[in-house]
Every structure is written in structure tokens, then in C-alpha cells.
Amino acid sequence: MDRPLPSSILASEKRKWWIISFLTALVLLVAIWFLRQVFRPELSASRISTATVERGPVTNTINATGEVLPEFEEVLSSPIAASVQRVLLDAGQKVNAGQSILSLDKSSITSEYDKLQFLIESKENEVHKLKLDLEKSYFDIKSSNQIKQLRISNLTDMVTGAKRLYKAGGGTMEEIEQAELNLKVAQLEKKQLENEISSKQQTMKIELREAELALAIQRNEVSALKRKMGQADIVASRPGVVTWVNQNIGASIQQGEALARIADLSSFKVAGSVSDVQLENLHTNMPAVIRIGEKQLKGKVINISPSVKNGIVSFDVRLDERDNSTLRPNMKVEIFLITAVHEKTMRISNGAAFNGSNLQDVFVVTKGKAVRTKIKTGLSNFDYIEILNGLNVGDQVIVSDMNTHKNQSEIVISP
């Protein structure tokens, strides 16, 4: 027959169980603490970059690319179809107004000029002949008209005499009628001759006018050709620097083909381009910042191309310092178009830690640890990010890439 255990033994067993449970839990806690100490996330301070939250202005910008160009560049083209005869200046050399850069072979245009001169002389002789023919024809017709007038006067007298003789009984009515008929015929012939004079004068004047117009056209062609011959020596219209010149001596050149470019390197502009996605944010007179290495130049957009090519919109920026010494032709630059400005706001230096989202997590460094913190951002540009909330002035924030630690809430920063 089983007997119940004494209460002292039961109490002893219970204490023993509690002691074992306590020791087991203690060992587990120590093990967990040890494992956390051994395997806790740790980051070397030398591998991160931090920035301090401060107060200051933040501008919102659109990133664009640009190229520095001379504000004035003259393209000299060939006035004639010819060939390059001689190059007087090379690219990079300075040039003064009126100074020759290259000359063209004028032999073909000289032959054409001589031919036109001969045609002008021939046309002048033709005009002179027409004038003589007009004068002679007019004189002949006028003389015939005077003869007709004399005959009419004579026939008028004959009519008068026939009537007088008829009244005296010495003539007949038939003689009077015949004399009157002869007078009417002579008057009609005179009128016909006068009409012929007028018509002949008008016709010959038209012919003379046409010949004179043809002569004037040829003279204008000669003048234009003479002017082109004078322009065959390619000269600069203003001082500058030769940026390019066609040095292919003997090469055939078509009329209008570029031969040289002259730039005024005392002032520059920036030709920019940006995605057409930003077209609605782009407008004239908007401020722009040009970054050249570590240097920044200010300017503003002065014109925007009305067309879009391959998804790109072109625009020009006028610089406040157009003669800055850092500017060089064809230099590639970064352009930041300013769309908004917030003064005296919380800001922090931009870095890889910021992903462009308004709501995101960053790591704030405090007491040797990096603690993940949710923040809200506002305006941003290449240099700064505006902090709307989540941080305070003076906070140290890791701005380097922390994407590999995005699932950790706290990281130890080791020296």
C-alpha cells in the first residue's frame, strides 16, 4: 500500500524544480545576450559618411546637361563655286576685323565675269540700234504725215476751185464730187498714218524698254559677280578667334558651303538640353546654376526651342559672368534649373542614402549607434535635401548608401 510523500520532500522537489528552471532561463538569457553581442550588426565609422542637419536655403532643381559656346560665332561661307587656293590662318589664331583667313581660286568666276561683260556690250549696242531705228522710223512717218498734210491742203483748194468754177458755169457737179472724194481719201490716209505713227512709237518704246531691262539685269549680274569676286578672299567682319577653317587646299567648294568659323571668346553662353518630361517646368527667365568642377556660375534661361527632338528639349542660358576665366568653348557642364526656393529651412547634404522618395528611412548616429528613423523630405537638389520632419537641427545622419542595412533598426558604429 502506497503512502503519500511527506510534505517536506514535496517542497524540496518543488524548490529543486524552480532552481533548475531559473538556472536554465538564466543560461538561455546569457546565451542570447552573448549571441547578440557576438553577432550584432556593426559598422565601421571609416566606411560611412555623415552630415549634420542645419538650417539654410534649399532650392528645387531640374538636372540638365549643357555645352559652353561662344555667345557670338560667325560662319563664313563661300560666295561662289570654287576651290580653296590658300589658307592664311589656322584654327586657334586670333583674327582682326577685315583680316583675310583664306582665299579661293577665282579663275572660273573671272571667265564668267568677262563673258557677262561681253554680253553687256552686245546688249548696249542692241539698245543703241533700237534707238536709232526708232528715231529713223519716227522721222520717216512724220515726214510722210507732213506730205499727206500738204496733199490735203492741195485737195481742199481743188474742191474750193471746183465749186467756184461750177458757180461760174465752167465746171460740173461730177468734178466737185470727185475733188471732195479725193480730199476724204487723203484725210483718211492721214488719219491712218497718224494711228500707225502712234502704234509704231508704242511698239518700239516697248522693245526699247525690254532691251534696257535686259541690259539692267545683266549689269546687276555683273555687279553681283564683281561683289562675289571681292568676297572670294574670306575676311573676318569682326575681331575674334578662328575656331575652324577648311584646310583642304584644292578641294572643290560649292556656293554657300562653310569655309571658316570665327568666335568672340570674350563672352560665352550655355546651350542646354533636358528631357521633354520636364517641358512643363521649363520657362524663360528661370534661374539656372552652371556647375564647372567645383565652381558654380549663375544665369537664366533666355530661350527654349519650340521643337522636341528624340525626347530632348534644347534651351539657351545667358550667364551673369559671360567672361568668366573658367569658360572654354565646347566644354561640357552640368545645369541645375531652379524651380523653387525655401529659405531658412532644415537641410542636410545630399547623398546616396536618399532615394528621392518624400517618405523614407535614414540612420541617425547617436551614442555610438545608428538608429533607423523615418523622415519626410521636401525640396532637393544636387547639394541639399530639405527635411520637413523626423530630424532636428544638429542630428548626425548617415548619407552614404545604407541599402544593405535597410532591414535593421539599429547598428553599432565601431571606431
Side-chain angles (χ1 to χ4, degrees), residues 64-110 112-113 220-221 223-274 284 290 292 299-310 312-319 321-333 335:
T65 58
E67 182 179 5
V68 177
L69 297 175
E71 197 167 34
F72 169 81
E73 186 172 31
E74 180 183 17
V75 178
L76 301 177
S77 56
S78 176
I80 58 175
S83 60
V84 178
Q85 186 177 55
R86 188 170 52 161
V87 177
L88 303 174
L89 293 175
D90 293 328
Q93 289 185 282
K94 291 184 178 181
V95 63
N96 298 317
Q99 186 176 356
S100 295
I101 299 172
L102 57 79
S103 60
L104 302 175
D105 182 6
K106 305 178 187 177
S107 56
S108 61
I109 195 172
T110 301
E112 187 178 352
Y113 179 80
N220 287 337
E221 288 178 357
S223 297
L225 205 57
K226 187 176 181 180
R227 186 169 58 254
K228 288 180 179 180
M229 289 175 64
Q231 294 172 344
D233 291 328
I234 307 301
V235 299
S237 63
R238 60 185 294 172
V241 174
V242 178
T243 57
W244 174 82
V245 64
N246 188 332
Q247 296 186 339
N248 298 323
I249 296 177
S252 297
I253 302 296
Q254 299 301 317
Q255 183 176 349
E257 187 174 341
L259 292 173
R261 288 189 178 91
I262 301 172
D264 181 1
L265 300 186
S266 63
S267 62
F268 294 89
K269 66 178 181 179
V270 175
S273 57
V274 70
T284 55
I290 313 301
I292 306 174
K300 64 179 179 180
V301 176
I302 56 172
N303 61 66
I304 302 168
S305 173
S307 61
V308 177
K309 186 178 293 184
N310 298 325
I312 299 298
V313 179
S314 300
F315 59 92
D316 289 333
V317 175
R318 176 178 292 164
L319 299 170
E321 297 180 60
R322 288 173 280 180
D323 58 349
N324 192 280
S325 59
T326 60
L327 297 172
R328 296 290 184 273
N330 307 119
M331 176 186 287
K332 304 299 182 184
V333 296
I335 304 175

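What you see is a predicted model, and the numbers here were worked out from it, not measured in a lab.
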Handout entry: Residue pair K300 / V317, side-chain heavy-atom distance below 4.5 Å
Key = no

Fill in the blank from the handout: In terms of heavy-atom contacts, L327 and R322 come closest through CD1-O, 3.6 Å

Handout entry: Spacing of CD1 belonging to I302 relative to OG1 belonging to T284, to within rounding of 0.5 Å
Key = 10.0 Å

Exercise for the section: Scan residues 234-248 for pairs that pass salt bridge (charged side-chain N to carboxylate O under 4.0 Å, His left out), counting only residues two or more places apart or in two chains. Expected result: R238-D264

Completion exercise
With sequence neighbours left out, the residues meeting salt bridge (Lys or Arg N to Asp or Glu O under 4.0 Å) with K332 are E67

Practice task
Mind checking side-chain hydrogen bond (donor to acceptor under 3.5 Å, both in side chains) for S307 and listing every partner two or more places apart, or none if nothing turns up?
Solution key: S305

Exercise for the section: Report the residues that fulfil side chain to side chain contact (heavy atoms under 4.5 Å, CB included) with S273, sequence neighbours left out, ordered by chain and then residue number. Expected result: T65, I312

Practice task
Compare all side-chain heavy atoms of L319 with those of V270 and state whether any distance is below 4.5 angstrom.
Solution key: yes

Problem - I262 vs L76 side-chain heavy atoms within contact, under 4.5 Å - result: yes

Handout entry: Listed partners of N310 passing side chain to side chain contact (heavy atoms under 4.5 Å, CB included), at least two apart
Key = none

Handout entry: Qualifying residues under side-chain hydrogen bond (donor to acceptor under 3.5 Å, both in side chains), relative to R86, sequence neighbours excluded
Key = none

Practice task
Flag the pair S266 / F72 as yes when at least one side-chain heavy-atom distance between them is below 4.5 Å, and no otherwise.
Solution key: no

Handout entry: Any side-chain heavy-atom pair of D323 and F268 under 4.5 Å
Key = no

Exercise for the section: Can you sort out the partners of E321 under side chain to side chain contact (heavy atoms under 4.5 Å, CB included), two or more places apart, ordered by chain and number? Expected result: L297, N324

Exercise for the section: Tell me, with the steps shown, if V68 and V333 meet side chain to side chain contact (heavy atoms under 4.5 Å, CB included). Expected result: CA-CA 7 Å; V68 177; V333 296; 3.8 Å; yes

Contacts under 3.5 angstrom, residues 87-102 side chains, donor-acceptor by atom type, not counting sequence neighbours:
| from | atom 1 | to | atom 2 | distance (Å) |
| --- | --- | --- | --- | --- |
| D90 | OD1 | Q247 | NE2 | 2.7 |
| Q93 | OE1 | D90 | N | 2.6 |
| Q99 | OE1 | N96 | N | 3.0 |

Problem - Straight-line distance of L69 CG to D316 CG, nearest 0.5 Å - result: 8.0 Å

Completion exercise
Hits for side chain to side chain contact (heavy atoms under 4.5 Å, CB included) against R261, two or more places apart or cross-chain, chain-then-number order -> E73, V75, T243, W244

Return all side-chain donor-acceptor pairs below 3.5 angstrom for residues 253-260, not counting sequence neighbours, or 'none' if the list is empty.
| from | atom 1 | to | atom 2 | distance (Å) |
| --- | --- | --- | --- | --- |
| E257 | OE1 | Q254 | N | 3.1 |

Problem - Check against side chain to side chain contact (heavy atoms under 4.5 Å, CB included), I335 and F315 - result: CA-CA 11 Å; I335 304 175; F315 59 92; 4.2 Å; yes

